[in-house]
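Excluded from the calculations below are hydrogen atoms, water molecules and symmetry mates; all remaining heavy atoms, backbone and side chain alike, are included. These figures come from a predicted structure and were not determined experimentally.
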Amino acid sequence: MTAAEENQTARRRAPAMSPERRREMIIQTAIPLIAEYGAAVTTAKIARAAGIGEGTIFRVFADKDELLQACVAEALSPEHAVRELDAIDASQPLPDRLAEAAEALQAHMSRMGAILGSLGHGGGKHPGTVRGGGREESTARIRAALADLLEPDKAALRRPPEQIAALFFGLLFTQPRTEDEPDLTPRELVEVFLHGAVSADAK
């Protein structure tokens, strides 16, 4: 049997993907394409990128609009961000934990902005219900994961971990930007958050 024939046999014998797994795979493939092309992306392009026939998409999605809505819900879901926050080593010093958290949450916000912007949701406006809950529930879950990261240093905090987490989360979302100054890096943002605007040399 040739290598090509063996590969064909392996493909025939491979277990069929469940509709749920197929749906998830299509969504994950489509998200970066939607970020690049917006609503103009075709289901044919998504199918090619996923290595499937275009008809397979319509076996798990009623139409393109349903696929786009599912991709928005996935991009705005807090699931991935919460998993990344939960994976941060809690034995690290607090500044290191918060810097990792800032990186994870900034990546989450960038993905949200790319999807919403490409589909015409101006200003990154949250469209409402998403997988894993609506806007308020999603925010609450991320804040809770941040509070867990702060818990080991609870005794040193001025306020309860939950309140500090809310403040940190708010700073990430409202970081002011100026045309002549670069954005703060996650590490710089954490230093300002923990120690204020005055440098250690000036104290």
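To the nearest 0.5 Å, atom CZ of residue F193 and atom CG of residue L184 are 13.5 Å apart. To the nearest 0.5 angstrom, E151 atom CD is 13.0 Å from L146 atom CG. With rounding to the nearest 0.5 angstrom, the CG atom of L67 is 7.0 Å from the CD1 atom of I27. Note: L85 CG to L105 CG = 5.0 Å, rounded to the nearest 0.5 Å. Atom CZ of residue R143 and atom CD of residue Q163 lie 10.5 Å apart, to the nearest 0.5 angstrom. In this structure, CD in Q106 is found 6.5 Å from CG in L189, a value given to the nearest 0.5 Å.
Looking at heavy atoms from C-beta onward, P78 lies out of side-chain contact with E137 at the 4.5 angstrom threshold. In this structure, T42 and Y37 have side chains that are not in contact, with every pair of non-hydrogen atoms separated by 4.5 Å or more. Annotation: side chain of E100 is in contact with side chain of Q92 (closest heavy-atom distance under 4.5 Å). Side-chain contact between T43 and D63: absent, with no pair of heavy atoms (C-beta onward) separated by less than 4.5 Å. Looking at L167 and R159, their side chains never come closer than 4.5 Å, going by heavy atoms from C-beta outward. A heavy-atom distance below 4.5 Å is not found between the side chains of E79 and E74. Side chains of E84 and H108 form no contact here, defined as non-hydrogen atoms less than 4.5 Å apart. Residues V192 and L171 have side chains not in contact (no heavy-atom distance under 4.5 Å, counting atoms from C-beta outward).
Across every non-hydrogen atom of S118 and I34, the tightest pair is OG-O, 2.9 Å. Taking each heavy atom of T29 and A49 in turn, the nearest pair found is CG2-CB, 3.6 Å. Nearest heavy atoms, A90 versus R97: O-NE, 3.5 Å. Shown here for L119 and A39, the closest heavy-atom pair between the two residues is CD2-N, 3.5 Å. In terms of heavy-atom proximity, M112 sits nearest to L76 at CG-CD2, 3.3 Å. Across all non-hydrogen atoms, the minimal contact from A35 to I115 is N-CD1, 4.0 Å.
Between the side chains of S138 and R141, no donor-acceptor pair is found at a separation under 3.5 Å.
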Original post:
Given the rule in the side-chain contact (heavy atoms from CB on, under 4.5 Å) test, do L150 and L98 qualify, once you have shown the distances and angles that lead to the verdict?
Top reply: CA-CA 8 Å; L150 292 162; L98 287 181; 4.1 Å; yes
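Classification of E66 and R23 as a salt-bridged pair holds, one side-chain N sitting under 4.0 Å from a carboxylate O.
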